[in-house]
Amino acid sequence: MYKIAFDVMGSDNGSAVAIEAASKFIKSRKDLYLVFVGDEDQIKTSLKKFPIDESRFEILATKEFIDMNGSIMDIRRKKDSSMVRALETLKDKKVDAMITGGNSAAFIAGSHFILGELNGISRPGFMPTLPTAVNNKLTLLLDVGANLEADVEDIIGYAKMANIYAKNVLKIENPLIAQLNIGEEKSKGTLLQKEIYKELELDENINFFGNLESRDILAGKVDIIVTDGYTGNMCLKAFEGASKILMTEIKSQLYKTIFTKLKALTLKKSFDNVSKKFDYKNHSGAILLGVEGIAFKAHGSSDVKSFEATLRMTCDAVENDVLNKIKKELN
């Protein structure tokens, strides 16, 4: 039985959305036990509407939570916040993993102070899973915002950790890894990118593709893309925004007149398939690679679908024992 601490407070849409997602998801996982962390009254009220078998969960009641406007100092100030308590249960090995949809900066700070980093890792990285144009192929991108800056050692660490994750969770035998850059040529980029290229190229344990431009992130050319958190975060949000706007515009044009509506009916299945493939909510959530524990961050604006996706990814990481495999590789 896998045990996951779920901080249901602090996200934009409130605890009820998180509870609803858990209620739906747990029906498909007989091996899952949840620890809901947060305001007990709110959790019990939501559970009346979205019931879960009482043998499948418990409540860790807290009096505080860190909202989206909080700061990293709240980790120290709010000792009884749901985020801090969820991280502490993971630190004390009372659970196998934890999830939060709360403040990102506080989560990163809390992970640093409470969990600590793995041996050889000084800056952990957020790693989401992205859909691609190739059917049934996903791409891992990191870092997407845990750290704005990164040095050569950080990027190499990201590549090594993501390599293990891709092999064990995505079941890719020899993951192809690229560095995000402004051009494909070896000579492109700053001195930092050139040095990273050199190190990745020399590493016998890395199947190095070379440089990859941002326009090819979703093309499915590689399995893993490494970059600094500043660049990665902008790329991720650009993709999410473009995906949302594009689908909205397509629907607007298809249902503009009675004639386009009739034509749209014949293409509905095709458009639904495309929408499903590139809907970031189906791949929502990012693991914080490089900390002493399996810790996932859901979008602050997560809806039911997004939280379900994060729960699925967390279960996959636990089931495949990625933390211990990463620790073994780094040592």
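Residues take their numbers from the sequence shown, with the count starting at 1.
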Show the numbers, then the answer: is there a side chain to side chain contact (heavy atoms under 4.5 Å, CB included) between Cys315 and Ile4?
CA-CA 8 Å; Cys315 285; Ile4 295 175; 3.9 Å; yes
Side-chain touch Val8/Ile19, heavy atoms, less than 4.5 angstrom:
yes
Mark yes or no: Arg76 above the aromatic ring of Phe113, with NZ or CZ under 6.0 Å from the six-membered ring centre and no more than 45 degrees from the axis.
yes
Would you say the side chain of Pro175 lies within less than 4.5 Å of the side chain of Asn207, judging by non-hydrogen atoms?
no
Show the numbers, then the answer: is there a salt bridge (Lys or Arg N to Asp or Glu O under 4.0 Å) between Lys3 and Asp96?
CA-CA 5 Å; Lys3 205 170 184 180; Asp96 300 298; over 6 Å; no
Any donor-acceptor pair under 3.5 Å linking the side chain of Asp39 with the backbone of Gln42?
yes
Please check if the number of heavy atoms outside Leu191 that lie under 6.0 Å from its CG is greater than 12.
no
From OG (Ser11) to CD1 (Ile99), nearest 0.5 Å:
12.0 Å
For the NZ atom of Lys160 and the CD1 atom of Ile121, what is their distance to the nearest 0.5 Å?
8.5 Å
Ser302 side chain to Ala298 backbone, donor-acceptor under 3.5 Å:
no
Just by distance, do the side chain of Thr231 and the backbone of Thr227 share a donor-acceptor pair under 3.5 Å?
no
Search all heavy atoms of Leu141 against all heavy atoms of Pro128 and return the closest pair with its distance.
O-CD, 2.9 Å
Should Leu212 and Glu184 be marked as a side chain to side chain contact (heavy atoms under 4.5 Å, CB included) after you check the CA-CA gap, both sets of side-chain angles, and the distance that decides it?
CA-CA 6 Å; Leu212 186 82; Glu184 295 180 355; 5.8 Å; no
Does CD in Glu58 sit with more than 12 non-hydrogen atoms of other residues, nucleotides or ligands closer than 6.0 Å?
yes
Answer yes or no: is there a donor N or O on one side and an acceptor on the other, between the side chain of Asp7 and the main chain of Ala86, under 3.5 Å?
no
Between atom CG of Asn320 and atom CD1 of Ile164, what is the distance when rounded to the nearest 0.5 Å?
13.0 Å
Taking all non-hydrogen atoms of both residues into account, name the closest pair between Glu319 and Tyr2 and its distance.
CG-OH, 3.4 Å
Is a side-chain donor or acceptor of Glu64 paired with a backbone partner of Asp80 at a separation under 3.5 angstrom?
yes
Could you walk me through whether Thr190 and Gln193 pass side chain to side chain donor-acceptor pair (under 3.5 Å), step by step?
CA-CA 5 Å; Thr190 66; Gln193 276 79 51; 2.5 Å; yes
Ion pair Lys94/Glu88, N-O distance below 4.0 Å:
no
Answer yes if the side chains of Ser55 and Asp53 hold a donor-acceptor pair under 3.5 Å, and no otherwise.
yes
Is it true that, when you exclude Lys328 itself, more than 12 heavy atoms of the residues, nucleotides or ligands shown sit nearer than 6.0 Å to its NZ?
no
If you apply the rule salt bridge (Lys or Arg N to Asp or Glu O under 4.0 Å), what do you find for Glu195 with Lys198, and how did you get there?
CA-CA 5 Å; Glu195 184 61 29; Lys198 186 189 302 181; 3.7 Å; yes
What I want to check is whether the side chains of Gln179 and Asn211 have a donor and an acceptor closer together than 3.5 Å.
yes
Is Lys63 reaching over with its side chain to a backbone N or O of Ser81, donor-acceptor style, under 3.5 angstrom?
no
Heavy-atom closest pair (Ile224 atom, Thr139 atom, distance to 0.1 Å) is N-CG2, 4.4 Å
Can Ile217 be reached from Tyr230 by stepping across I, L, V, M, F, W or Y side chains whose heavy atoms are under 4.5 Å apart?
no
Any donor and acceptor pair, going by atom type alone, linking the side chain of Asn103 with main-chain N or O of Met68 inside 3.5 Å?
yes
Is the side chain of Asn147 donor-acceptor paired with the backbone N or O of Glu149 at a distance under 3.5 Å, no angle test?
no
Going through the checks in order, is the salt bridge (Lys or Arg N to Asp or Glu O under 4.0 Å) test met by Arg29 and Asp31?
CA-CA 5 Å; Arg29 297 290 305 223; Asp31 55 356; 3.0 Å; yes
Let me know which of Asp228, Asp143, Asp154 forms a side-chain hydrogen bond (donor to acceptor under 3.5 Å, both in side chains) with Arg123.
Asp154
Could you check if a side-chain atom of Lys24 sits within less than 4.5 angstrom of a side-chain atom of Glu308, using non-hydrogen atoms only?
yes
Assigning hydrophobic clusters by single linkage (Ile, Leu, Val, Met, Phe, Trp, Tyr; side-chain heavy-atom cutoff under 4.5 Å), is Val304 placed with Phe50?
yes
If you compare all heavy atoms of Val291 against all heavy atoms of Pro124, which two are closest, and at what distance to 0.1 Å?
CG1-CG, 3.6 Å
Would you say Asp223's side chain and Leu138's backbone share a donor-acceptor pair under 3.5 angstrom?
no
May I ask you to say whether Asp74 pairs ionically with Arg77, meaning some side-chain N is under 4.0 Å from a carboxylate O?
yes
CE (Met1) and CZ (Arg56) are apart, to the nearest 0.5 Å, by 5.5 Å
Under a 4.5 Å cut-off applied to non-hydrogen side-chain atoms, are Val226 and Leu142 in contact?
yes
Hey, are the side chains of Ile196 and Leu200 touching, using non-hydrogen atoms and a 4.5 Å cut-off?
yes
In terms of hydrophobic clustering (I, L, V, M, F, W, Y; side-chain heavy atoms under 4.5 Å; direct or indirect links), are Ile59 and Val17 co-clustered?
yes
In this structure, is the centre-to-centre distance between the rings of Phe6 and Phe307 below 6.0 Å?
yes
Straight-line distance of Met83 CE to Phe107 CZ, nearest 0.5 Å
7.5 Å
Should Ile43 and Ile52 be counted in the same cluster of Ile, Leu, Val, Met, Phe, Trp and Tyr side chains packed under 4.5 Å apart?
yes
Using 0.5 Å steps for rounding, measure from the CZ atom of Phe57 to the OH atom of Tyr33.
8.0 Å
For Asn119, does its backbone N or O pair with a side-chain atom of Lys327 as donor and acceptor, under 3.5 Å?
no
Test Lys49 against Glu20 for salt bridge (Lys or Arg N to Asp or Glu O under 4.0 Å), laying out the working first.
CA-CA 8 Å; Lys49 189 174 182 181; Glu20 182 180 357; over 6 Å; no
Report the C-alpha distance between Lys167 and Glu173 in whole Å, list the side-chain angles of each, state the deciding distance to 0.1 Å, and finish with yes or no for side chain to side chain contact (heavy atoms under 4.5 Å, CB included).
CA-CA 6 Å; Lys167 287 179 178 179; Glu173 186 175 346; over 6 Å; no
Geometric class of the Tyr197/Phe208 ring pair [parallel <30°, tilted 30-60°, perpendicular >60°]:
perpendicular
Can Leu34 and Leu311 be said to form a side chain to side chain contact (heavy atoms under 4.5 Å, CB included), step by step?
CA-CA 10 Å; Leu34 291 170; Leu311 282 162; 4.2 Å; yes
Using every non-hydrogen atom in the two residues, find where Phe126 and Ala146 come nearest and quote the distance to one decimal.
CD1-N, 3.6 Å
Do Lys325 and Asn168 get their side chains close enough for a donor-acceptor pair, meaning under 3.5 Å?
yes
Over all atoms of both residues, closest heavy-atom pair of Met313 and Thr129:
CE-OG1, 3.6 Å
Quick check: do Val35 and Thr89 have side-chain heavy atoms less than 4.5 Å from each other?
no
Glu213 and Ile182, any side-chain heavy atoms less than 4.5 Å apart
no
